[in-house]
Amino acid sequence: MSNGSFPPEPGRRGGTLAIVLAALIPACFAGWLLWSSVGGAKDDGAGGAGGTGAPTTSSTSSPPPPSSGASGASGASGASGASGASGASGAPSPSGEASGDVPGEASGKTLKGKVVVIDPGHNPHNRDHPSQISRSVDIGTEEKECDTTGTATNSGYPEASFTLDVARRARTLLEARGATVRFTQDGDRPYGPCVDERAEIGNKAHADAVVSVHADGAAAGERGFHVILPKSVRGGGADTSAITAPSRHLGERLLDRFERATGSEPAQYIGDGSGLDVRGDLGGLNLSTVPKVFIECGNMRDSQDAAELTDAAWRGRAARGIAQGITDFLNE
């Protein structure tokens, strides 16, 4: 207390306090009522409906970081997507494909109840059985060799290894869509089978579609892929009159989807450059009674094509193109 001051009297102090409290309490109560009426307890962010108080993300917020493996994911078959992108969940779809790779691809399309035969061209063991594969067989219009060893890249990668790899990848995709898939050979035979037996396997299976997978052995500098369609032939045991039209439809779907999946262009050194070639000298086509085509996926003797054919990721895309072409055809 300072010099010259006097303490307040007790009665005056109590009265002053009562007056102050009487003024403050109504003011505080009125302020609380006003605050409640304008929703002061609501969250600042948009979308806080229900008054839960849970944090929300406004429309201008940055999206959350993608989960691990959201891009470039490949399926169990090892086939990578055409765009390398996966679906929103970041997980591969059951088909072995990353979902959403190509708009509308395989969307709502099932192959349940369909039978597909894939014919991996040649056989890795053919080179060990020259006398067996060189014997002649009847292809209806003429006689030809039972089978051949196929071609290879300049570095020695065999066509027979390429065809099996792509065929197995395509099988994984097609089976995931519900198809029953059968092979003419899966590297499990000593050689062959011969071209007439390859056709017979598809016929006995009553296949809805047959695709024979190959790679070409043209001159260096010739690039691209092409699809071989059966010519209308009749002779001996050959009669393709009933399958030429559906086989062309299959070939056209395959051509379109393979080009889109791989980015490869149709070969200009075959036929008219359309990527479609019609032949009547192949036993696998002549003797078929079900829709069937061959696909030559590229030229193994050209260094640029060979670089793609020997690349596992590219082979995955090739398998996707083949599987999708078959799917499109069987859903027409």
Side-chain angles (χ1 to χ4, degrees), residues 114-123 126 129-151 159-160 163 167 170 180-186 189 191-218 225-255 267 270-272 274-297 322 325-326 329-330 332:
K114 302 295 186 179
V115 177
V116 177
V117 172
I118 301 181
D119 176 27
H122 312 287
N123 183 319
N126 275 359
H129 301 273
S131 60
Q132 288 92 336
I133 67 171
S134 62
R135 67 183 178 87
S136 296
V137 296
D138 185 5
I139 67 166
T141 55
E142 58 181 301
E143 290 197 347
K144 295 193 75 171
E145 289 179 314
C146 158
D147 204 0
T148 65
T149 58
T151 187
E159 179 187 0
T163 63
T180 297
V181 182
R182 298 178 183 173
F183 273 24
T184 57
Q185 60 92 12
D186 200 359
R189 298 178 60 134
Y191 65 90
C194 296
V195 293
D196 56 343
E197 186 181 350
R198 289 177 189 263
E200 188 64 18
I201 290 171
N203 297 344
K204 286 184 176 179
H206 302 289
D208 296 289
V210 184
V211 174
S212 188
V213 182
H214 287 262
D216 210 0
F225 74 99
H226 65 279
V227 178
I228 304 174
L229 312 176
K231 184 178 180 180
S232 184
V233 297
R234 286 187 179 184
D239 184 357
T240 62
S241 56
I243 69 163
T244 52
S247 295
R248 174 170 284 274
H249 292 156
L250 171 59
E252 289 170 346
R253 303 301 172 268
L254 207 59
L255 181 79
I270 293 290
D272 60 2
S274 67
L276 296 174
D277 186 32
V278 179
R279 291 178 61 174
D281 63 332
L282 298 174
L285 295 180
N286 285 8
L287 300 175
S288 182
T289 58
V290 295
K292 182 175 182 178
V293 299
F294 280 44
I295 182 166
E296 298 278 3
C297 297
I322 291 170
I326 293 170
F329 170 71
L330 294 179
E332 288 183 337

Is there a side-chain contact (heavy atoms from CB on, under 4.5 Å) between I118 and I322? Walk through the geometry before answering. CA-CA 10 Å; I118 301 181; I322 291 170; 5.7 Å; no
Whether D239 side chain and S241 backbone form a donor-acceptor pair below 3.5 Å: yes
Non-hydrogen side-chain atoms of E142 and D281 separated by less than 4.5 Å: yes
When rounded to the nearest 0.5 angstrom, what distance separates CD in E252 from CG in L229? 7.5 Å
What is the distance from atom CG of L254 to atom OG of S247, rounded to the nearest 0.5 Å? 11.5 Å
Throw together a table of side-chain donor-acceptor distances under 3.5 angstrom for residues 288-295, partners on residues two or more places apart or in other chains.
{"unit_1": "S288", "atom_1": "OG", "unit_2": "V290", "atom_2": "N", "d": "3.3"}
{"unit_1": "S288", "atom_1": "OG", "unit_2": "V290", "atom_2": "O", "d": "2.8"}
{"unit_1": "T289", "atom_1": "OG1", "unit_2": "N203", "atom_2": "OD1", "d": "3.0"}
{"unit_1": "K292", "atom_1": "NZ", "unit_2": "G284", "atom_2": "O", "d": "3.0"}

Would you find more than 12 non-hydrogen atoms of other residues, nucleotides or ligands less than 6.0 Å from K231 atom NZ? no
For the residue pair T244 and P230, what are the closest heavy atoms and their distance? CG2-O, 3.6 Å
Would you please test D216 and H226 for side-chain contact (heavy atoms from CB on, under 4.5 Å) and show each step? CA-CA 9 Å; D216 210 0; H226 65 279; 3.6 Å; yes
Check whether any side-chain heavy atom of R182 sits under 4.5 Å from a side-chain heavy atom of I201, and report yes or no. no
Output for pair (I228 CD1, H214 NE2), nearest 0.5 Å, gives 7.5 Å
Identify the two heavy atoms, one from V117 and one from G202, that lie closest to each other, and give their separation to 0.1 Å. CG2-CA, 4.0 Å
If you draw a 6.0 Å radius around CZ in R234, do more than 12 non-hydrogen atoms from other residues or ligands fall strictly inside? no
Please report the shortest heavy-atom distance between Q185 and P193, naming the atom on each side. CB-CD, 3.7 Å
Spacing of CG belonging to N126 relative to OG1 belonging to T148, to within rounding of 0.5 Å: 7.0 Å
Can you check whether G121's main-chain N or O pairs, donor with acceptor, with T163's side chain at less than 3.5 Å? yes
Specify the closest pair of heavy atoms between D119 and R198, including all atoms of both residues, with the distance to one decimal. OD1-NH1, 2.6 Å
Quick check for you: to the nearest 0.5 Å, what is the distance between N286 atom CG and D196 atom CG? 11.5 Å
Ignoring hydrogens, what is the shortest heavy-atom contact between G280 and T141? Give both atom names and the distance. O-OG1, 3.9 Å
Do the non-hydrogen side-chain atoms of L285 and T240 ever get within less than 4.5 Å of each other? no
When rounded to the nearest 0.5 angstrom, what is the spacing between NZ in K144 and OG in S136? 11.0 Å
Sub-4.5 Å side-chain heavy-atom contact between D147 and H122: yes
Any side-chain heavy-atom pair from L276 and R248 closer than 4.5 angstrom? yes
Between Y191 and N123, which heavy-atom pair has the shortest distance, and what is it? C-ND2, 3.5 Å
